Engineer: 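Mind looking over this structure? Questions follow.
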Amino acid sequence: GAVVSQHPSWVICKSGTSVKIECRSLDFQATTMFWYRQFPKQSLMLMATSNEGSKATYEQGVEKDKFLINHASLTLSTLTVTSAHPEDSSFYICSASYMVREKAFFGQGTRLTVV
Amino acid sequence: QQQVKQSPQSLIVQKGGISIINCAYENTAFDYFPWYQQFPGKGPALLIAIRPDVSEKKEGRFTISFNKSAKQFSLHIMDSQPGDSATYFCAASRRTASKLTFGTGTRLQVTL
């Protein structure tokens with residue numbers, strides 16, 4: 001299957017700093033990328049949908065000024081957690097698909113810990 | 001309308017047994033129903049998926065059964081193995097978009 005690479009796999013940062021997470025589709029052009037957040041032993045909650053070259057669509061309750069999403073090319077989307085706080089600590093996962101209604105492939109996730 | 005309900009929350013099955021996980025949805029606009037397997041600290045991996053025009057799909061030891069009238073679908077893992085121990089998520093998406101709504105997850109443990 002298609003490969004989606006997420007980087008870094010884990011990151012620890014201090015409160016108040018910003019962290020950038022990259023999501024790359026390695027062998028296909030991703031028209032759409034999705035960002036999810038997962039708390040321990042819970043399900044995946046969609047944060048936002050991003051399409052290449054346009055603004056991301058955020059789900060209700062997700063602060064778009066805090067979670068900045070950029071989808072600059074068909075193979076790269078980034079999520080920047082700005083002014084991170086301990087409550088932002090979570091597992092962040094991206095997924096990418098190359099056609100609407102086609103299967104989505106997930107990255108390996110990024111464990112963010114804010115201290 | 002956007003919910004996908006999943007049960008059981010956890011499941012213990014002996015090696016060689018059949019693991020069964022059930023999901024129910026409300027939104028009749030959903031038309032794509034995948035199952036994902038997730039190991040601790042990893043992203044979900046697609047196992048198998050089905051569309052409403054078929055009632056069953058089998059891939060190896062994994063089978064999806066789909067009941068459109070009841071708005072329910074289930075995952076059957078035949079000859080369960082310890083390596084199948086993971087969390088399983090059902091999901092659903094609408095025909096006009098591919099964002100997924102996930103079930104709450106089932107932690108499967110396969111014992112020797």
Side-chain angles (χ1 to χ4, degrees), chain A residues 1-11 21 23-26 30-51 56-62 69 90-113, chain B residues 1-11 21 23-25 27 29-53 57 59-60 64 85-109:
Chain A
V3 178
V4 175
S5 177
Q6 201 170 328
H7 178 81
S9 297
W10 58 271
V11 58
I21 302 169
C23 179
R24 293 180 183 273
S25 56
L26 298 185
T31 54
T32 306
M33 287 187 172
F34 304 89
W35 287 95
Y36 295 84
R37 183 174 182 177
Q38 185 178 33
F39 290 106
K41 298 183 181 180
Q42 292 190 25
S43 188
L44 287 80
M45 298 300 296
L46 180 66
M47 299 175 65
T49 303
S50 76
N51 294 290
T57 302
Y58 290 81
E59 295 298 302
Q60 192 172 13
V62 177
I69 292 172
S90 190
F91 194 52
Y92 293 87
I93 310 170
C94 71
S95 74
S97 63
Y98 54 91
M99 281 178 66
V100 174
R101 295 185 70 243
E102 289 301 322
K103 58 182 75 173
F105 298 94
F106 284 80
Q108 69 270 39
T110 296
R111 171 75 59 195
L112 169 63
T113 302
Chain B
Q1 271 279 324
Q2 293 295 323
Q3 269 191 322
V4 178
K5 296 180 180 179
Q6 184 171 346
S7 64
Q9 189 173 20
S10 63
L11 182 62
I21 305 170
C23 282
Y25 63 98
N27 191 340
F30 286 147
D31 78 334
Y32 175 66
F33 303 91
W35 284 90
Y36 288 88
Q37 178 189 58
Q38 186 180 32
F39 293 103
K42 303 294 183 183
L46 178 66
L47 268 178
I48 186 172
I50 198 168
R51 296 194 189 277
D53 52 342
K57 183 175 181 180
E59 289 184 3
I64 298 181
S85 297
T87 299
Y88 292 81
F89 292 96
C90 63
S93 66
R94 296 175 60 186
R95 59 176 64 87
T96 57
S98 55
K99 66 178 184 179
L100 293 164
T101 299
F102 280 86
T104 48
T106 297
R107 298 186 73 186
L108 170 66
Q109 182 182 354

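Both backbone and side-chain heavy atoms feed into the values below; hydrogens, waters and symmetry mates do not. All values reported here derive from a predicted model rather than from experimental measurement. Quick note on labels: first sequence line is chain A, next is B, and so on, each numbered from 1.
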Engineer: Tell me whether A/S43 contacts the main-chain N or O of B/G103 through its side chain, where contact means a donor paired with an acceptor under 3.5 Å.
Structural biologist: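 Looks like yes, one N/O pair under 3.5 Å.
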Engineer: Picking from B/P44, B/A45, B/G105, which has the most non-hydrogen pairs under 4.5 angstrom with chain A?
Structural biologist: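 Of the candidates given, the most pairs with chain A belong to B/P44.
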Engineer: Side chain, backbone, both or neither: which part of B/Q6 has a non-hydrogen atom closer than 4.5 Å to chain A?
Structural biologist: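 No part of B/Q6 comes within 4.5 Å of chain A.
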Engineer: Passes side-chain contact (heavy atoms from CB on, under 4.5 Å), B/L100 versus A/F34? Steps please.
Structural biologist: CA-CA 9 Å; B/L100 293 164; A/F34 304 89; over 6 Å; no
Engineer: At a heavy-atom separation under 4.5 Å, does A/Q38 approach chain B through its side chain, its backbone, both, or neither?
Structural biologist: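 Contact with chain B involves the side chain of A/Q38 alone.
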Engineer: Under a 4.5 Å heavy-atom cut-off, does chain B meet the side chain of A/L44, its backbone, both or neither?
Structural biologist: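 Contact with chain B: backbone and side chain both.
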Engineer: Work out which heavy atom in A/Q42 is nearest to a heavy atom in B/F89; give both atom names and the distance.
Structural biologist: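 Looking at all heavy atoms of both residues, the shortest contact is O-CZ, 3.8 Å.
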Engineer: Count the heavy atoms of every other residue, nucleotide or ligand shown that sit under 6.0 Å from CZ of A/R111, and state whether that count exceeds 12.
Structural biologist: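 Yes, the 6.0 Å shell around CZ holds more than 12 heavy atoms from other groups.
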Engineer: To the nearest 0.5 Å, what is the distance between NZ on B/K99 and OG on A/S95?
Structural biologist: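 If we round to the nearest 0.5 Å, B/K99:NZ and A/S95:OG are 12.0 Å apart.
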Engineer: Which answer fits B/P34, side chain, backbone, both or neither, if we ask what part of it has an atom under 4.5 Å from a heavy atom of chain A?
Structural biologist: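 Neither the backbone nor the side chain of B/P34 comes within 4.5 Å of chain A.
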Engineer: Is it the case that more than 12 heavy atoms not belonging to B/Q9 sit under 6.0 Å from its CD atom?
Structural biologist: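 Atom CD in B/Q9 is not crowded, with 12 or fewer foreign heavy atoms closer than 6.0 Å.
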